[in-house]
Student: 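Before we start, here is the structure in question, set down as C-alpha cells.
All chains are named by letter (A, B, ...) in the order of the sequence lines, taking the proteins before the strands, and each is independently numbered beginning at 1.
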2 protein chains.
Amino acid sequence: MTRALSLHQRIREDIEGQIRSGAWPADYRVPFETELMAQYGCARMTVSKAMAALVEAGLIVRRKRAGSFVARPKVHAPVLNIPDIPSTIRSRGEAYGFRLRLSRVRSPDPALPDEVVLAAGGELLEIEGVHDAAGRPFALERRLIALVAAPDAALADLATVPPGAWLLENIAWTEAESRISAVNADAAIASLLDLHEAAACLVVDRRTWRGGEPVTRVCQIFPGEAYDLMARFGPAG
Amino acid sequence: MTRALSLHQRIREDIEGQIRSGAWPADYRVPFETELMAQYGCARMTVSKAMAALVEAGLIVRRKRAGSFVARPKVHAPVLNIPDIPSTIRSRGEAYGFRLRLSRVRSPDPALPDEVVLAAGGELLEIEGVHDAAGRPFALERRLIALVAAPDAALADLATVPPGAWLLENIAWTEAESRISAVNADAAIASLLDLHEAAACLVVDRRTWRGGEPVTRVCQIFPGEAYDLMARFGPAG
DNA sequence: CCTTGCAATATGTCTATACATATTAGAGCC
DNA sequence: GGCTCTAATATGTATAGACATATTGCAAGG
C-alpha cells in the first residue's frame, strides 16, 4: 500500500512524473505557482515547498519573473555504489574471509607529501591484506591509517575484523574521495589475487576525512574482469 | 565576496558546519526548533525549512517528540564524476578531435537480448570512433542508438559532432546506469588507442533511458593508467 | 535604431497561527 | 516489578498575508 502523501509531496511527484516520463522536456515551462495553487486548491507556500524540493533534486530551475523550467539533465552526477567488500561477498552467499598480511606502525615517508599530510604529525598504521570470497582471493587491500585521528586502531584485532569494518564502527568519517582507475597486475598483485601477470585490475583509491582531518587512505585492487562498479542516475529509488 | 544569505540558509549552514567539523557527532541531538527560533529570533517555519533541507541532504534525522539528531554518515553513496569527454579534454587546454570509424544502421542481433531490448522493435545505429586529445588517441567509443527513440540520429553529421554531444543536445535522457570495470586491451583496442597489447583499460559501459524507453548504450574505453574517475562524498560543493 | 527607465510579474523569504501526528515520560493500576 | 493508558511534547503540514527582489516587456526619449 502506498502511504498517504502530503499535498506538497503529491504536487512534487506529479511534476516529477511529467519530467521523468519525458512529457515535459528540458526547458519546458512548468505551470506558474498561481496556476498550480488553483489546480490543487492550496496556498502558494505549499506549491513553493514542492518546487523547492524539485530544485534541490536538480529537476527544475526557477527564474524570477520568467517562471520555472525543466532543467536539462545533469550529465555529471550519477550516484556511485561502492558497497563494502564483506557485504558484497556475503550478499552473493559466499563465505567471507580476510587474511592479514602486514600490519605495522611506521613514520610517513618524507618524500611522499600525501603520507606526511595524512599522518598529521603522528605515525601511520600500515596494513595489507586480502579479502577472500569462498576461499578464493577477491580483492587486495593496502591501507594507511593516521594514528593521530584513530589512535585505537593500533590496538584493534585486525586479524579478525577487517580494517574497513573496524574504522567504520569506530571512526566515522564525514568526507571521502575515491579515484577509480585500471592497472596491469604486477607480479606481487598477480600472485596474491591468483591472476596471470599483467591481468587488468580495477583500482579504487579512497581517502577519507573527519571534519577536514585526514583519517585513512586505502587502495583496493580487484580483478578487472570479475568485478564492476555500478553507478546510477535517475529516479531517486 | 560571500553573497547575502537568507536566514534559513544561514541556519542550515551553521548546523551543517557543526556536523561537518565533527563538533556534533552522529546521534548528537541538535537544538529543538523552539530553541533555534529563540536563538535566531525567527519563526518556526524558517527553522523548519533549514531542518528540512538538512534532512534532504541526509545530514540529520528528525523524530517526533524526541527531536532532531545528527545522522550517521551513509557509507556508500558517493557522487561519481563522469565528465563528458570533449569538455574533459578541453579543460586541460588540449585540442579535441573525434574520428568516426564506423557508422551504420543494422538490426539487433537476436542472440543478444540487450540489443533486442534497446532496439525496441526498430533498428539500431551502430557507431564507433576515437576521441583524440592533442592529436593522440584518448578514448575509444562504441555506441548503439535506438532509432525508435532517436530517429534523427541517422541523419546527424557524426563526423563533426561526436555522438555523445549530439544525443545530449537532441535526446535528453532521464535515467542512466553506468558499469565500470577493467579489461586488458585486445589487438584492436591497443592499435586504436596506441597502447601495447594487454595494457589495462578502464571501461565505462553506460545505458541511458528516457522515461523508461531505452535510448542508447555506449562503451567507452580509456587507457587505464592515463585516466581516472573521481567520486566524492561530503560537502555538497 | 539603440538606450533608459518604469511597471508588471513571478519567484524568494518570512511571519503568526492552527491543527495533525508520532512518540515518549510518567502516572496509575494489577 | 511490569503493564497499560494518558498527557505532554516536538515535529509535520498547511494557510493567508506581507514585503523583497530579480527580470522581463514595453514605452518613451535620444
Side-chain angles (χ1 to χ4, degrees), chain A residues 1-19 24-72 74 236, chain B residues 1-19 24-72 236-237:
Chain A
M1 166 188 165
T2 45
R3 270 238 290 297
L5 289 180
S6 58
L7 184 51
H8 72 262
Q9 280 173 342
R10 224 186 77 213
I11 298 174
R12 191 207 136 122
E13 294 203 350
D14 286 353
I15 295 174
E16 186 164 345
Q18 296 294 323
I19 296 173
W24 291 356
D27 293 335
Y28 177 90
R29 211 208 72 225
V30 174
F32 295 128
E33 295 190 356
T34 46
E35 300 178 65
L36 289 169
M37 26 181 311
Q39 181 180 331
Y40 289 93
C42 65
R44 193 166 76 94
M45 276 289 291
T46 307
V47 174
S48 186
K49 197 165 183 177
M51 302 293 256
L54 289 165
V55 168
E56 188 81 8
L59 283 168
I60 66 169
V61 171
R62 311 178 76 182
R63 293 211 326 265
K64 288 180 188 176
R65 168 69 223 244
S68 302
F69 300 84
V70 175
R72 1 197 85 222
K74 284 235 186 101
Chain B
M1 168 190 167
T2 44
R3 270 240 288 298
L5 289 180
S6 59
L7 185 51
H8 72 264
Q9 280 174 341
R10 224 185 75 212
I11 298 174
R12 192 208 136 124
E13 294 203 352
D14 286 354
I15 296 174
E16 185 164 345
Q18 297 293 323
I19 296 172
W24 292 356
D27 293 336
Y28 177 90
R29 208 209 75 223
V30 318
F32 294 128
E33 295 188 357
T34 47
E35 301 178 66
L36 289 169
M37 31 186 301
Q39 183 179 332
Y40 289 94
C42 66
R44 193 165 75 92
M45 274 292 290
T46 306
V47 174
S48 187
K49 196 166 184 176
M51 303 293 255
L54 289 165
V55 168
E56 188 79 9
L59 283 168
I60 66 169
V61 170
R62 311 178 75 183
R63 294 211 325 261
K64 289 177 187 178
R65 168 68 223 243
S68 302
F69 300 84
V70 175
R72 359 196 89 223

Student: Measure the spacing between CD1 of A/I19 and CG of A/L59 and express it to the nearest 0.5 Å.
Tutor: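 Result: 5.0 Å between the selected atoms.
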Student: Take atom CZ in B/R10; do more than 12 heavy atoms of anything else shown fall under 6.0 Å from it?
Tutor: no
Student: Is there a side-chain contact between A/V30 and A/I60 (heavy atoms, below 4.5 Å)?
Tutor: yes
Student: Heavy atoms only: give me the nearest B/G58-B/A71 pair and the separation to one decimal.
Tutor: O-CB, 3.6 Å
Student: A/A66 or B/M51: which one's nearest nucleotide on DNA chain D is closer to the 5' end?
Tutor: B/M51
Student: Check every nucleotide of DNA chain D for an atom under 4.0 Å from a heavy-atom of chain A, then give the first and the last such nucleotide from 5' to 3'.
Tutor: D/dT13 to D/dT24
Student: Working note: B/R29 + B/E35, criterion salt bridge (Lys or Arg N to Asp or Glu O under 4.0 Å); need CA distance, chi angles, decisive distance, verdict.
Tutor: CA-CA 12 Å; B/R29 208 209 75 223; B/E35 301 178 66; 3.2 Å; yes
Student: Assign each of A/G67 and A/S48 to its nearest nucleotide of DNA chain C by heavy atoms, then name whichever residue's nucleotide is nearer the 5' end.
Tutor: A/G67
Student: Just how far, in rounded Å, is P of C/dT23 from CZ of B/F69?
Tutor: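 Value for this atom pair: 12 Å.
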Student: OP1 or OP2 of C/dT15 less than 4.0 angstrom from a side-chain nitrogen or oxygen of B/T46, does that happen here?
Tutor: yes
Student: Looking at every strand, decide which applies to A/R63 at a 4.0 Å heavy-atom threshold: base, sugar-phosphate, or nothing.
Tutor: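 Sugar-phosphate: the residue A/R63, judged by heavy atoms under 4.0 Å, touches backbone atoms but no base.
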Student: Can you name the residues that form a ring pair (Phe, Tyr, Trp, His ring centres under 6.0 Å) with A/Y40, not counting sequence neighbours?
Tutor: none
Student: Distance check needed: C/dC19 C1' versus B/M45 CE, whole Å only.
Tutor: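 My rounded result for the distance is 14 Å.
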Student: Would you say the side chain of A/R65 and the base of C/dA8 hold a donor-acceptor pair, judged only by whether the two atoms sit under 3.5 Å apart?
Tutor: yes
Student: Send over the distance from A/F32 CZ to C/dA8 P, rounded to a whole Å.
Tutor: 17 Å
Student: Could you tell me how far apart A/K49 (NZ) and C/dT15 (P) are, to the nearest whole angstrom?
Tutor: 15 Å
Student: How close or far is atom P of C/dT9 from atom CZ of A/R44, stated in whole angstroms?
Tutor: 15 Å
